[in-house]
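What follows is one structure encoded as structure tokens, with my remarks underneath.
Residue numbers start from 1 in every chain, and the chains themselves are labelled A, B, ... in the order their sequence lines are given, proteins ahead of strands.
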Amino acid sequence: MSEHEQEIRHMIDPSVPELTPLETMRHSAAHVMADAIKRLWPDAKLAFGPHTEDGFYYDIAMEHRLGPEDFERIEAEMAKITAAKHPFVREEISRNAAVELFEEEGERFKVEAIAAIPEDAVLTLYRSGDFVDLCRGPHVEHTGKIKAFKIMSIAGAYWRGDENGPMLQRVYGTAFPDRKALKQYLQMLEEAKKRDHRKVGKELGLFTFDPIAPASPFFTGKGATVYNLLQAYVRKLYVRYGYEEIITPQIFDMELFHTSGHYEHYKDNMFICDIDEREFGVKPMNCPGHCILYRHSRRSYRELPLRFADFGRLHRYERAGVTHGLTRVRTFCQDDAHIFCTPEQVEQEIAGVTKMILECYRTFGFEELEIEISTRPESYLGELETWDRAEAALKSALEGQGLDYVINEGDGAFYGPKIDFQVRDALRRSWQLGTIQLDFQLPERFGLEFVDQEDGRGRPVMVHRAMLGSLERFFGVYLEHVAGKFPTWLAPVQVSILPIADRHHAWAEEVAAALRARGIRVEVDLRSEKLGQKIRGATLQRVPIMLVLGDKEVEARAVAPRSRDGKTGAQETLEAFVNRLAEEASIPA
RNA sequence: GCUGGCGUAGCUCAAUUGGUAGAGCUCCUGAUUUGUAAUCAGGUGGUUGCGGGUUCGAGUCCCAUCGCCAGCUCCA
């Protein structure tokens with residue numbers, strides 16, 4: 001649902017959940033901001049002004065182009081309005097009177113908005129001082145209740161989200177119950193800026209981009225090390241959870257995508273080429289290829305469930321302007337798998353996948369989790385009964401593990417219901433990572449079968465599932481979650497060896513060799529620099545462990561460890577150190 | 001794709017109203033041999049994203065194009 005639709009719904013639909021006190025205050029702040037802007041630029045015409053997750057905005061049309069230099073003026077004007085403590089007054093109004101009122105004011109967007117509201121809805125106005133707005137409310141008691149606010153940014157937005165419609169100026173602001181909370185929020189934004197994976201990735205030399213391949217990352221040796229370790233960890237899970245990893249082609253005759261339906265629905269997002277007078281497509285998803293492999297031999301019910309995992313590289317033509325760092329790219333791979341099972345096995349398979357996903361997120365330190373089930377949309381394919389059974393299976397698989405979830409009614413794909421997993425990172429930002437999607441369509445389209453116990457023919461259900469989602473995207477999200485401080489097992493350089501003077505180089509090389517022999521990723525800093533400089537370098541690169549080597553260490557065939565957080569450990573023998581580190585440095589089970 | 005903004009050395013950034021492109025870090029040389037977050041000196045490095053135009057003269061102004069950034073839309 002677009003923001004615009006939500007806004008319309010909010011204005012008219014009494015079943016929309018009541019606003020929280022904070023949301024109410026922010027929405028009121030949007031009115032105050034609109035009031036302020038109209039005072040400063042009387043030609044301003046208002047569209048919509050809802051609250052958002054961390055503030056509010058108002059879409060406005062006017063001659064003057066707003067810029068950051070205007071923010072202080074707007075804030076000052078808002079301060080006058082809040083100081084005046086104008087009460088918010090609710091007023092029911094007839095449709096005709098409302099149209100008349102807003103037409104008189106030249107508020108054409110409001111007039112249009114009224115037309116979009118169902119006939120039987122009660123229209124309400126809210127007045128505060130001389131300002132009046134079409135609004136369902138609720139609002140705070142008076143403008144003085146808005147204590148701490150700030151104009152954040154300005155951006156373009158379309159009227160009603162229609163890219164052919166008029167472009168409006170969207171003014172973003174935020175508001176909090178007190179100055180302290182606002183300050184905290186602004187600090188969080190600062191922190192997020194510092195952690196931006198595009199910045200950190202550059203600083204740590206993990207990946208880069210080049211205009212020669214837009215929206216397609218180049219991973220350096222260090223970045224690829226992390227990337228491969230993520231895969232290695234997932235592969236370990238696959239062994240325990242009974243997956244077989246397969247490898248499938250990159251480019252297929254378009255016929256495949258005609259069969260799968262991607263040609264019809266997804267063609268605009270595909271890279272397509274003509275070779276040998278045949279039309280080929282680079283795969284945007286693995287599922288059609290997996291169906292081919294499934295169909296390649298006769299399948300017995302005894303083989304099911306079949307769990308095909310695939311780290312195949314995918315290419316999607318994302319429209320210019322929608323790409324973003326590692327989180328939205330044109331080439332990526334997923335920790336993708338498709339489970340082919342009987343309808344009876346669905347519940348237990350969902351439960352298994354869920355268990356693995358939870359284990360995986362715990363490993364990466366994502367403690368907070370939100371789960372959503374999306375159910376049958378209005379237009380769907382397949383039998384109603386199949387859908388009902390599948391939705392019940394999803395719910396009971398989650399309930400069986402004592403997991404809370406919310407239901408997004410009608411938000412499922414046309415081919416089946418799904419479960420989405422969202423995590424919150426260290427800055428409490430929400431990211432969708434995992435997904436489990438049932439699919440009744442592809443098995444049908446590809447004519448997939450299995451031989452059942454009575455030598456009859458059954459149709460398998462296909463379960464699409466991913467835990468980390470795209471590895472590229474996860475890389476970016478995780479990099480921000482840990483602010484570049486990878487745990488030792490994932491760090492591209494796990495140990496940095498820092499000899500103090502040239503005469504310690506031999507011992508440094510010996511220590512490095514011993515660690516490398518145990519599979520530990522080591523770097524030796526042989527530069528002719530002071531120890532402080534070397535420590536600074538390794539710390540900035542977020543190397544988890546530094547080993548300082550001087551006369552004392554050479555003498556005792558020992559090492560003096562220091563962590564990137566500045567903690568220095570007691571001197572210990574090389575032997576003891578390696579043994580202590582071995583587990584921490586290896587991929588979790 | 002749409003609206004707006006931005007592209008100067010590998011990185012972070014300077015460059016009066018249009019008037020000879022600079023600094024720090026990185027890198028390379030040398031000196032220094034250092035005990036827990038920055039040793040000193042010297043040097044390399046740019047057709048100012050690419051292509052046109054205006055001008056005596058363009059990093060600066062105009063057009064076009066590519067890329068990036070913010071937001072919108074999209075992400076069956």
Side-chain angles (χ1 to χ4, degrees), chain A residues 2-4 52 57 59 65-68 152-172 196 198-199 202-203 205 208-216 260-270 284-285 287 316-325 327-330 377 379-381 411-416 418 432 435 437 439 441-442 464 469-470 473 496 498-505 526-541 546-554 560-569 571:
Chain A
S2 72
E3 279 180 24
H4 171 257
T52 62
Y57 67 80
D59 283 347
R65 282 227 153 275
L66 286 168
M152 302 299 292
S153 61
I154 177 90
Y158 302 103
W159 167 237
R160 302 187 145 186
D162 174 3
E163 60 181 278
N164 299 313
M167 173 65 69
L168 308 169
Q169 303 190 63
R170 176 166 295 179
V171 190
Y172 283 91
D196 188 314
R198 292 166 300 186
K199 182 169 178 283
K202 197 184 275 181
E203 286 165 358
T208 187
F209 290 88
D210 190 282
I212 203 70
S216 307
S260 69
H262 285 93
Y263 188 86
E264 196 184 339
H265 294 287
Y266 209 74
K267 184 175 167 245
D268 290 346
N269 283 292
M270 287 180 63
M285 295 174 197
C287 23
R316 297 182 186 174
Y317 172 73
E318 300 289 358
R319 297 162 86 197
V322 305
T323 59
H324 180 90
T327 58
R328 188 96 180 261
V329 291
R330 288 184 176 159
S379 84
Y380 63 97
L381 292 167
D411 241 15
F414 67 89
Y415 53 75
K418 64 172 180 176
Q432 200 208 305
T435 181
Q437 305 192 7
D439 190 340
Q441 256 302 294
L442 281 185
H464 309 250
S470 121
R473 184 155 183 279
S496 190
L498 314 179
I500 291 172
D502 291 358
R503 62 179 178 281
H504 311 124
H505 284 190
L526 299 177
R527 290 178 305 161
S528 166
E529 291 287 352
K530 290 161 81 168
L531 180 61
Q533 172 69 281
K534 295 184 181 186
I535 285 176
R536 179 178 156 79
T539 305
L540 289 175
Q541 286 295 303
M546 293 160 229
L547 295 181
V548 175
L549 307 183
D551 290 335
K552 286 182 276 184
E553 286 70 32
V554 171
R562 181 192 211 273
S563 78
R564 64 187 157 202
D565 301 317
K567 294 191 193 77
T568 54
Q571 190 192 88

Look at the side chain of A:Asp210 and the backbone N and O of A:Ile212, then say whether any donor-acceptor pair between them is shorter than 3.5 Å.
yes
To the nearest 0.5 Å, atom CG of A:Asp268 lies from atom CZ of A:Arg319 at 9.5 Å
Contact class for A:Met152 (heavy atom, under 4.0 Å): base, sugar-phosphate, or nothing?
nothing
P gap between B:G24 and B:C63, integer Å
37 Å
Whole angstrom is fine here: how far is it from CD in A:Gln169 over to P in B:U3?
14 Å
Taking the same atom, P, in B:G18 and in B:G57, what whole-Å distance lies between them?
16 Å
Whole angstrom is fine here: how far is it from CD in A:Glu318 over to P in B:C75?
10 Å
Which atom of A:Ile535 lies closest to which atom of A:Thr539, heavy atoms considered:
O-OG1, 2.6 Å
Taking atom C1' in both B:G71 and B:A15, compute the distance separating them and give it to the nearest angstrom.
32 Å
B:G71 -> Watson-Crick or G-U wobble partner, both distances under 3.5 Å, gives B:C2
Non-hydrogen side-chain atoms of A:His262 and A:Asn269 separated by less than 4.5 Å
no
Atom P, compared across B:U32 and B:U17: separation rounded to whole Å:
49 Å
Whole angstrom value for the distance that separates C1' of B:C69 from CZ of A:Phe209:
13 Å
When the ring centroid of A:His265 is compared with that of A:Phe414, is the distance short of 6.0 Å?
yes
Go through the N and O atoms of the side chain of A:Arg328 and the base of B:C74, and report whether any donor-acceptor pair is under 3.5 Å.
yes
Rounded to the nearest Å, what distance is computed from the CG atom of residue A:Leu442 to the C1' atom of nucleotide B:A76?
12 Å
Donor-acceptor check, side chain of A:Glu203 to backbone of A:Arg198, threshold 3.5 angstrom: yes or no?
no
Relative to the 5' end of RNA chain B, which residue comes earlier, A:Met285 or A:Ser216, by the nucleotide with the nearest heavy atom?
A:Ser216
Please report, rounded to the nearest Å, how far the P atom of B:C66 is from the CG atom of A:Asp210.
16 Å
Would you say a side-chain N or O of A:Arg198 is under 4.0 Å from OP1 or OP2 of B:A70?
yes
With distance as the sole test, does A:Lys534 use its side chain to make a donor-acceptor pair with the main-chain N or O of A:Arg527 at under 3.5 Å?
yes
Inter-residue atom distance A:Arg330.CZ - A:Arg328.CZ, 0.5 Å rounding:
10.5 Å
Which whole number of Å gives the distance between the C1' atom of B:G46 and that of B:A14?
14 Å
Can you check the A:Gln437 CD to B:A76 C1' distance for me, whole Å?
10 Å
Pairing partner of B:C13, by Watson-Crick or G-U wobble and under 3.5 Å for both distances, is B:G22
Rounded to whole Å, NE2 of A:His505 lies from C1' of B:U32 at a distance of 13 Å
What does the B/S/- profile of nucleotides 33-42 of chain B look like, 5' to 3', with a 4.0 Å heavy-atom cutoff to protein?
BBBBBBB---
Under the side chain to side chain donor-acceptor pair (under 3.5 Å) test, residues paired with A:Arg473 that sit two or more places apart:
none
Distance between the P atoms of B:G22 and B:U47, in whole angstroms?
14 Å
B:G59 and B:A31, which share atom name C1', separated by this distance in whole Å
39 Å
Check whether any side-chain N or O of A:His324 sits under 4.0 Å from OP1 or OP2 of B:C75, and answer yes or no.
no
Partner of A:Leu498 under side chain to side chain contact (heavy atoms under 4.5 Å, CB included), chosen from A:Gln533, A:His504, A:Met546:
A:Met546
Phosphate oxygens OP1/OP2 of B:C74: is one of them under 4.0 Å from a side-chain N or O of A:Arg316?
no
Atom CG of A:Leu526 and atom C1' of B:U32: how far apart are they, to the nearest Å?
16 Å
Show each protein N/O and nucleotides 4-12 of chain B N/O combination with a separation under 3.5 Å, one pair to a line.
{"unit_1": "B:U12", "atom_1": "OP1", "unit_2": "A:Lys202", "atom_2": "NZ", "d": "3.1"}

Could you give the distance separating B:U55 and B:U12 at their P atoms, to the nearest angstrom?
37 Å
Counting only Watson-Crick pairs (N1-N3 plus N6-O4 or O6-N4) and G-U wobbles (N1-O2, O6-N3), all under 3.5 Å, who is the partner of B:U44?
none
Side-chain N,O (A:Tyr266) to OP1/OP2 (B:C74) below 4.0 Å:
no
Taking a pair as Watson-Crick or G-U wobble with both distances under 3.5 Å, which nucleotide is matched to B:U36?
none
Base, sugar-phosphate alone, or nothing: which one does A:Ala213 contact when heavy atoms must sit under 4.0 Å apart?
nothing
Gap between atom NZ of A:Lys202 and atom CG of A:Asp196 - 0.5 Å precision
10.0 Å
Backbone of A:Gly550 reached by a side-chain donor or acceptor of A:Glu553 within 3.5 Å:
yes
Mate of B:U65 across any strand shown (Watson-Crick or G-U wobble, both atom pairs under 3.5 Å) is B:G49
